[in-house]
Structure formats: C-alpha cells, structure tokens
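In this text, all values refer to a predicted model and were calculated from it rather than measured experimentally. Here, residue 1 is the first one in the sequence, and each next residue gets the next number.
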Amino acid sequence: MALYTTDLLILGSGPAGYTAGIYAARAGIKVMIVSGNQEGGQLTMTASIENFPGFEDISGYELMDKMKQQAIKLGVEFVNDYIVEVDFSNRPFVCSSENGHSYKARAIIVATGSSAKWLNIESEKKYLGYGVSACATCDGFFYRGRTVAVIGGGNSAVAEALYLATLADKVILVHRRNQLRADKILQDRVLNNKKIVVEWNSVVEEILGQDEPKKVTGIKIKNVETDVVKEVALDGVFVAVGHKPNTDIFKGNLVLDSKGYIVTHENSSQTDVDGVFAAGDVKDPKYKQAVISAGSGAMAAMDAVEFLDNE
C-alpha cells in the first residue's frame, strides 16, 4: 500500500481528465491522474472518430492514448487505479483506492464520466464495438444506407433515431411500452418520419451476429403483451436506455442533482466543496461529446490552478 501526495489530483482518464492534466501541468502544477475503472473512458469503445477537430479518422483508443502521452510528456504522473472512497471534509483531501493506496491532494478535479446503461444480455457484450453502440453521433456515419435499431423510448432514444434516419435507410425503434416517453415534439417527428418504424411493447431478447467477420446481423425481439418472438435483420444496434453518471462514491460528499450529476457553481467548475472541481460527463447530462468534455476539463484545470495560486 502506497501513499501518493500531489497538488492536483484528477479522478478519471477520459477527454476531460487528460485535458485537465495537460492544462494544469503547463501551469506548473504538480498533477496526478488516477485512471478509474476504464482507462481512456467510454471513448475507447468507439472504433472510429471523425468529428474530433484535427483528426479526420482515428480510433477512440488511439485518440485517448495520444492525450495520455501528451499529458505524461508534460510531467503528469499517471496511476492505473480505481478510487472507491473519498474524504472531502478536510484539506488536504484524501482518496482511497481498491488497491489499498491513499492519495492526498490540495485540490481535486472529478472527471469520472458517465456510463451508458445497457440491456445486460450476453450477446450485447459480445458485439459491443462490432455493431452494438451507445452513441449514434459517434458511430451513426458507418450505417449510411443500412438498417439499424435504436432501443429505448425517452428523449435520448428518439433523438438518436431521428439522427440515424438522416443516414440509414431504415431505423427500427424498439420500445417496451405502447407510448414513447420523449417530449411531444420529438414523438411527432418520429411518428411522421417514414424511415422510422416503431416496434411497440417489445424488448430485445438477443442480438444476432456472425463471428467471421465479427458483426451484427439482426435482433430477436419479444412482444411483452403477446409473447410473440420474431427476428429482424439489420446491421447495427444503438442502445439508448439512458446514462448514469459515475458519482456513487461522491454521495454525501458533494451536492448531486436528482439524476446523480455533480452540481457546480454557475459559469464555473467549482463544486460545493472549495478546492473540488468537476468536469466532463460527470456534470453534463446533455451533450456527452468528447470535444465538449475536453473543453470542460480545460476549464476545470484553469479554475483549479487559480484556486491553488490564490492560497
């Protein structure tokens, strides 16, 4: 068990965390990044990214590795570990990891991101990244002229279906109820879009595919009212049943909103605890884009540097 001490501790290694590290290190602050449970964050699951400025086509893993190497080159210390407990009652703040290590810091940036909610079926895991995605904006381009399914019935699912309808030939929206939960204006757009077909009262029982080459070929859906099961041929599945911010360990330590996202001061990354800042998807229930998370990380770093300089 080790004790690490630093000026600024960044929790999370996605675009927000790495960008925060880059900005803080350039300001001459001693910085340490603790990776979290998924080094590189959700973006590493995206096979190809074409909407991050400066990169025409790059894998999520490669983009995050470039950010990591840039941060390390600037002097950021990186630890592959996962924080399970925090104590923000006194400074320096103390964080404890699953490996039994302790981390002390004068300031902290929480950039632990959010996790897509999944269907929790075995075939979903098997084809994740091979036709199964949780981000239409990230991966929809690859299904131009093809058939895809969107799973869900809320605003996120309906928005993804509408977006995919601009690219795909056909979008199948699978919803377990007989009425969408999305805003009325979005419902109207979906129901009036000739490219979108809604499978009402239905759930996905299995995602079908092949191994060579590995790809999705269809889904097996069940009508929850009639118990009738049918197979639908398609090329991609987008799971849109919501996101959950990774904030469980901050309950009772930071103010969270009703959905679990960290609350920050207006026009600031400062949380309700002086010296603790938040950046990226952990405080953003709306946009969930890598470039926006990166910008949020830069803001948090600037706020943290100002806080430390003013001491």
To the nearest 0.5 Å, what is the distance between [atom1] on [X] and [atom2] on [Y]?
{"X": "C95", "Y": "Y4", "atom1": "SG", "atom2": "OH", "answer": "13.5 Å"}
{"X": "L119", "Y": "K125", "atom1": "CG", "atom2": "NZ", "answer": "11.5 Å"}
{"X": "R106", "Y": "T5", "atom1": "CZ", "atom2": "OG1", "answer": "12.0 Å"}
{"X": "I58", "Y": "L43", "atom1": "CD1", "atom2": "CG", "answer": "9.5 Å"}
{"X": "T264", "Y": "Q270", "atom1": "OG1", "atom2": "CD", "answer": "9.0 Å"}
{"X": "I207", "Y": "I151", "atom1": "CD1", "atom2": "CD1", "answer": "7.0 Å"}

Heavy-atom closest contact ([X] atom, [Y] atom, distance):
{"X": "Y18", "Y": "S13", "value": "CE1-O, 2.9 Å"}
{"X": "Y287", "Y": "D284", "value": "N-OD1, 3.2 Å"}
{"X": "K283", "Y": "S296", "value": "CD-OG, 4.3 Å"}
{"X": "A157", "Y": "G152", "value": "CB-C, 3.4 Å"}
{"X": "I196", "Y": "A161", "value": "CD1-O, 3.8 Å"}
{"X": "P245", "Y": "V282", "value": "CB-O, 4.4 Å"}

Linked, directly or transitively: [X] and [Y] (ILVMFWY side chains, under 4.5 Å):
{"X": "Y23", "Y": "V31", "value": "no"}
{"X": "I108", "Y": "I29", "value": "no"}
{"X": "V232", "Y": "V237", "value": "yes"}
{"X": "L9", "Y": "F78", "value": "no"}
{"X": "V94", "Y": "Y82", "value": "no"}

Return yes if some donor-acceptor pair links the side-chain N/O of [X] with the main-chain N/O of [Y] below 3.5 Å, else return no.
{"X": "D303", "Y": "S269", "answer": "yes"}
{"X": "H101", "Y": "A2", "answer": "yes"}
{"X": "T166", "Y": "Y163", "answer": "yes"}
{"X": "T147", "Y": "L234", "answer": "no"}
{"X": "D257", "Y": "V263", "answer": "no"}
{"X": "T247", "Y": "G260", "answer": "yes"}
{"X": "S133", "Y": "D139", "answer": "no"}
{"X": "E199", "Y": "S202", "answer": "no"}
{"X": "E205", "Y": "I221", "answer": "no"}
{"X": "D272", "Y": "V255", "answer": "yes"}

Answer yes or no: is there a side-chain heavy-atom contact under 4.5 Å between [X] and [Y]?
{"X": "M32", "Y": "L8", "result": "no"}
{"X": "V148", "Y": "I172", "result": "no"}
{"X": "M64", "Y": "P15", "result": "yes"}
{"X": "V158", "Y": "V150", "result": "no"}
{"X": "H243", "Y": "Y261", "result": "yes"}
{"X": "I219", "Y": "E206", "result": "no"}
{"X": "N80", "Y": "E39", "result": "yes"}
{"X": "V76", "Y": "I22", "result": "no"}

Within 6.0 angstrom of [X] [atom1], more than 12 heavy atoms from elsewhere:
{"X": "L3", "atom1": "CG", "answer": "yes"}
{"X": "K214", "atom1": "NZ", "answer": "yes"}
{"X": "F55", "atom1": "CZ", "answer": "yes"}
{"X": "E56", "atom1": "CD", "answer": "no"}
{"X": "E85", "atom1": "CD", "answer": "no"}
{"X": "R176", "atom1": "CZ", "answer": "no"}
{"X": "Y130", "atom1": "OH", "answer": "no"}

Any chance you could lay out the side-chain contact (heavy atoms from CB on, under 4.5 Å) test for E160 and V171, step after step, and finish with the verdict? CA-CA 10 Å; E160 298 227 323; V171 178; over 6 Å; no
Verdict with supporting geometry, V276 and F250, side-chain contact (heavy atoms from CB on, under 4.5 Å): CA-CA 11 Å; V276 179; F250 305 112; over 6 Å; no
Would you check if there is a donor-acceptor pair between the side chains of S97 and N99 at a distance under 3.5 Å?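 The criterion, which ignores hydrogens and geometry beyond distance, is not satisfied for S97 and N99.
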Under 3.5 Å, is there a donor on one side chain and an acceptor on the other for Q38 and T44?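 Yes, side-chain donor-acceptor contact under 3.5 Å.
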Evaluation steps, salt bridge (charged side-chain N to carboxylate O under 4.0 Å, His left out), between K170 and D235: CA-CA 10 Å; K170 183 179 181 181; D235 304 293; over 6 Å; no
Pairing of [X] and [Y] as salt bridge, 4.0 angstrom limit:
{"X": "D227", "Y": "K222", "value": "yes"}
{"X": "E77", "Y": "K30", "value": "no"}
{"X": "K288", "Y": "D281", "value": "no"}
{"X": "D248", "Y": "K244", "value": "yes"}

Let's go through W200 and L180 carefully: what are the C-alpha distance in whole Å and the side-chain angles of both, what is the deciding distance for side-chain contact (heavy atoms from CB on, under 4.5 Å) to 0.1 Å, and is it a yes or a no? CA-CA 9 Å; W200 301 106; L180 297 172; 3.8 Å; yes
Identified side-chain contact (heavy atoms from CB on, under 4.5 Å) partner of F277 from the options I109, V110, I262: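 Exactly one option meets the side-chain contact (heavy atoms from CB on, under 4.5 Å) with F277, and it is I109.
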Give a yes or no on whether the ring-centroid distance for Y103 and F93 is below 6.0 angstrom.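 No; F93 has its ring centre 6.0 Å or more from that of Y103.
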Could you check D169 against R146 for side-chain contact (heavy atoms from CB on, under 4.5 Å), going step by step and ending with a plain yes or no? CA-CA 5 Å; D169 272 358; R146 304 170 81 177; over 6 Å; no
